[in-house]
Amino acid sequence: MFRKASVFLVLFSLIVNIALPVTVHAEGEDLITAPHGVLMEASTGTIIYEKDKDTKVYPASITKIMTLVLIFDEIAKGTLHMEDEVTTSAYAKSMGGSQVYLEEGEKQTVETMIKCIVIASGNDASVAMAEHIAGSEAEFVKRMNERAAGLNMTGTHFEDCCGLTESTNHYTTAYDVALMSRELVTKYPKVLDFSSIWMENITHNTAKGSSEFGLTNTNKLLRSYDGCVGLKTGSTSLAKYCVSEVAKRNGITLISVVMTAPDYKVRFKDAAAMLNLGFGACNLYVDENKDSLPKVPVKGAIQDKASVSYEEDFRYLDTKGEALDNVQKKINLKKSTDAPVKKGSKAGTADYYLNGKKIGSVNLLFSEKVEKAGYMDYVKKVFKTFF
């Protein structure tokens, strides 16, 4: 983990990869100017760099990341569909700040509303979606806080779904922003198809007629940083300037969070500096675990053996320049087990080693249910043996 700037890794990438003015930092100085920041590798959740990441700060429109998590939760459950129509209430229309000027009674699809939230940071679209999903913004915010607790976002409390509030009881931390960003982009990568859009038009169809409205992304790094695909910016007088950036290069996805920056240039410069550090220092080892595994003998069962599968892929993030070709995998399976066997129960582990040191493991699970043999099952076995 890097706490201070590793200057010699990033000087050239700082200059090359971002069009905004860049200050070269002397050794010992902080990598970023903003008071709070964190750099996380998305697939493993590894923290690569941090600066005062656990201090409570105000999130502004970065709040909408959790709003999007809940929206995509509903889509995943099948209770919400991209083509569903959402009606804008008078309350949703009344939102100030960043908006897409939805009219009361106006209907837009869920997909269009997501674009309004992600691209243009529409407060009106956020509230309309909250009401559509939960009946009211207050109930939706309750669910946001429950979801945050489930992600162990211990430094976060939401009071609205869009970040427009100036309440000091609406807060988060740089680390918590990284956590909810990771949940969104790893569980619902579809959101990156929207957050990477620079400009797009939507159509307002109201009693006044039909009109086009242009959405322009608030995330300027989309056009100046190689690999940037989102995610969300925010700014208010209370929160100052913040951003959660997501960038992809060579199979690595990084999340760069900057909070309480003094201006938008510092916000983007700091986010790029952390991304440069990460891409310069990180190597990711991935084993998709597609190899077949031996079956485990089952005693006292209807069938003699039970099949086994990997619980998940294995991923290991290296920041020390290790030769990842040297990673070795050792399969540790039970020699046998007794019936009954429950599908999904643990059968062993796949352990990974680098230069003799264990770097992680993946559970091996029984992929089928095996019942205990009864009297008639033994009779059938005997019959098959002799006849």
**Student:** Just checking, is any N or O donor in the side chain of Y225 or N219 under 3.5 Å from an acceptor N or O on the other one?
**Tutor:** no
**Student:** Would you say K107 has more than 12 foreign heavy atoms packed within less than 6.0 Å of its NZ?
**Tutor:** no
**Student:** Determine the minimum heavy-atom distance between S43 and L284, stating which atoms define it.
**Tutor:** OG-CD2, 3.9 Å
**Student:** Is it true that Y171 and M66 fall in one hydrophobic cluster, defined by side-chain heavy atoms closer than 4.5 Å?
**Tutor:** no
**Student:** Measuring from N332:CG to S361:OG, what's the distance to the nearest 0.5 Å?
**Tutor:** 9.5 Å
**Student:** Could you tell me whether the side chain of E104 reaches within less than 4.5 Å of the side chain of S89, counting heavy atoms only?
**Tutor:** no
**Student:** Determine whether a donor-acceptor pair (N or O, by modelled atom type, separation under 3.5 Å) exists between the side chain of R267 and the backbone of M259.
**Tutor:** no
**Student:** Which atom names give the shortest non-hydrogen contact between E245 and G230, and what distance separates them?
**Tutor:** OE1-O, 2.7 Å
**Student:** Given salt bridge (charged side-chain N to carboxylate O under 4.0 Å, His left out), test D73 with R147 step by step and report yes or no.
**Tutor:** CA-CA 10 Å; D73 280 347; R147 194 69 163 82; 2.7 Å; yes
**Student:** On the six-membered ring of F279, is R249 placed so that its NZ or CZ lies under 6.0 angstrom from the centre and within 45° of the ring axis?
**Tutor:** yes
**Student:** Is a side-chain donor-acceptor pair under 3.5 Å present for T218 with T233?
**Tutor:** yes
**Student:** Any non-hydrogen side-chain atom of K51 less than 4.5 Å from a side-chain atom of V38?
**Tutor:** no
**Student:** Partners of S292 by side chain to side chain contact (heavy atoms under 4.5 Å, CB included), sequence neighbours excluded?
**Tutor:** none
**Student:** Roughly how far apart are H36 NE2 and D52 CG, rounded to 0.5 Å?
**Tutor:** 5.0 Å
**Student:** Hey, does the side chain of R315 reach the backbone of V286 with a donor-acceptor pair shorter than 3.5 angstrom?
**Tutor:** no
**Student:** Between Y285 and Y316, is the ring centroid distance below 6.0 Å?
**Tutor:** no
**Student:** With rounding to the nearest 0.5 angstrom, report the CD1 to CE distance, I202 to M113.
**Tutor:** 8.5 Å
**Student:** For a side chain to side chain contact (heavy atoms under 4.5 Å, CB included) check, start with the C-alpha distance between M129 and I117, then their side-chain angles and the critical distance, and finish with the verdict.
**Tutor:** CA-CA 10 Å; M129 283 302 305; I117 295 169; 4.1 Å; yes
**Student:** To the nearest 0.5 Å, how far apart are NZ in K346 and CG in L364?
**Tutor:** 8.5 Å
**Student:** Hey, any chance M153 and L184 share a hydrophobic cluster, counting ILVMFWY side chains that come within less than 4.5 Å of each other, even indirectly?
**Tutor:** yes
**Student:** Do Y353 and I359 touch side chain to side chain, with heavy atoms closer than 4.5 Å?
**Tutor:** no
**Student:** Hydrophobic cluster membership, with links at side-chain heavy-atom distances under 4.5 Å among I/L/V/M/F/W/Y: are V127 and M144 in one?
**Tutor:** no
**Student:** Under 3.5 Å, side chain of D263 to main-chain N/O of Y241, donor-acceptor pair present?
**Tutor:** no
**Student:** Have T87 and E85 got a donor and an acceptor in their side chains that come within less than 3.5 Å?
**Tutor:** no
**Student:** In terms of hydrophobic clustering (I, L, V, M, F, W, Y; side-chain heavy atoms under 4.5 Å; direct or indirect links), are L324 and L254 co-clustered?
**Tutor:** no
**Student:** Tell me whether E106 contacts the main-chain N or O of E103 through its side chain, where contact means a donor paired with an acceptor under 3.5 Å.
**Tutor:** yes
**Student:** Restricting to non-hydrogen atoms, name the atom on V257 and the atom on A174 that form the minimum distance, rounded to 0.1 Å.
**Tutor:** CG1-O, 3.7 Å
**Student:** May I ask you to check if K115 and F194 form a cation-pi contact, with NZ or CZ under 6.0 angstrom from the six-membered ring centre and within 45° of the axis?
**Tutor:** no
**Student:** A42 and R182: which non-hydrogen atoms are nearest, and at how many Å?
**Tutor:** O-NE, 2.6 Å
**Student:** Using the rule that Ile, Leu, Val, Met, Phe, Trp and Tyr join whenever any side-chain heavy atoms are under 4.5 Å apart, tell me whether V229 and V69 fall into a single cluster.
**Tutor:** yes
**Student:** With rounding to the nearest 0.5 angstrom, report the CD1 to OG distance, I114 to S195.
**Tutor:** 11.5 Å
**Student:** Can a side-chain donor-acceptor contact be found between T79 and E74 if the only test is distance below 3.5 angstrom?
**Tutor:** yes
**Student:** Under a 4.5 Å cut-off applied to non-hydrogen side-chain atoms, are Y49 and M40 in contact?
**Tutor:** no
**Student:** Ignoring hydrogens and angles, tell me if any N or O in the side chain of Q108 forms a donor-acceptor pair with the backbone of T203 under 3.5 Å.
**Tutor:** yes
**Student:** Do T156 and D176 have a side chain donor and acceptor closer than 3.5 Å?
**Tutor:** yes
**Student:** For a side chain to side chain contact (heavy atoms under 4.5 Å, CB included) check, start with the C-alpha distance between L354 and E322, then their side-chain angles and the critical distance, and finish with the verdict.
**Tutor:** CA-CA 9 Å; L354 179 59; E322 299 274 8; 3.8 Å; yes
**Student:** For M95, is there any backbone N or O sitting under 3.5 Å from a side-chain donor or acceptor partner on D124?
**Tutor:** no
**Student:** Taking atom CG of D338 as the centre, report whether more than 12 heavy atoms of other residues, nucleotides or ligands fall under 6.0 Å from it.
**Tutor:** yes
**Student:** Side chains of S98 and S121: is there a donor and an acceptor less than 3.5 Å apart?
**Tutor:** no
**Student:** Any chance the rings of F314 and Y352 have centres within less than 6.0 Å?
**Tutor:** yes
**Student:** Report yes if some heavy atom in the side chain of V110 is under 4.5 Å from a heavy atom in the side chain of H81; otherwise report no.
**Tutor:** no
**Student:** Within the distance-only criterion (no hydrogens, no angle test), does the side chain of T44 pair as donor or acceptor with the backbone N or O of T46 below 3.5 angstrom?
**Tutor:** yes
**Student:** Which heavy-atom pair separates G122 from S126 by the least distance, and what is that distance?
**Tutor:** O-OG, 2.9 Å
**Student:** Is it true that a side-chain atom of S61 and a backbone atom of G234 form a donor plus acceptor pair closer than 3.5 Å?
**Tutor:** no
**Student:** Given the rule in the salt bridge (charged side-chain N to carboxylate O under 4.0 Å, His left out) test, do K329 and D351 qualify, once you have shown the distances and angles that lead to the verdict?
**Tutor:** CA-CA 6 Å; K329 177 167 65 174; D351 299 323; over 6 Å; no
**Student:** Is there a donor in the side chain of N169 and an acceptor in the side chain of E159, or the other way round, less than 3.5 Å apart?
**Tutor:** yes
**Student:** Assess the residue pair L80 and H132 against the criterion (side chain to side chain contact (heavy atoms under 4.5 Å, CB included)); give the C-alpha distance rounded to whole Å, side-chain angles, the decisive distance to 0.1 Å, and a yes or no.
**Tutor:** CA-CA 10 Å; L80 187 69; H132 183 81; 3.7 Å; yes
**Student:** Just checking, is any N or O donor in the side chain of E368 or S307 under 3.5 Å from an acceptor N or O on the other one?
**Tutor:** yes
**Student:** Okay, side chain of S244, backbone of K232: is any donor-acceptor separation there less than 3.5 Å?
**Tutor:** no
**Student:** Are the side chains of L102 and H204 in touch, meaning some heavy atoms are under 4.5 Å apart?
**Tutor:** yes
**Student:** Is any side-chain heavy atom of L68 closer than 4.5 Å to a side-chain heavy atom of L231?
**Tutor:** no
**Student:** Taking the side chain as everything from C-beta on, heavy atoms only, tell me whether T109 gets closer than 4.5 Å to V86.
**Tutor:** no
**Student:** Just to verify, which of D291, D287, N363 counts as forming a side-chain hydrogen bond (donor to acceptor under 3.5 Å, both in side chains) with Y310?
**Tutor:** D291
**Student:** Got more than 12 heavy atoms from elsewhere within 6.0 Å of CD, E166?
**Tutor:** no
**Student:** Side chain of N145, backbone of F158: donor and acceptor closer than 3.5 Å?
**Tutor:** yes
**Student:** What's the verdict on side chain to side chain contact (heavy atoms under 4.5 Å, CB included) for H170 and T63, showing C-alpha distance, side-chain angles and the deciding distance?
**Tutor:** CA-CA 9 Å; H170 184 89; T63 298; 2.8 Å; yes
**Student:** Rounded to the nearest 0.5 Å, what's the gap from CG on N123 to SG on C161? Could you check?
**Tutor:** 8.0 Å
**Student:** With a 6.0 Å cut-off (strictly less than), is the heavy-atom count around CD of E111, excluding the residue itself, greater than 12?
**Tutor:** yes
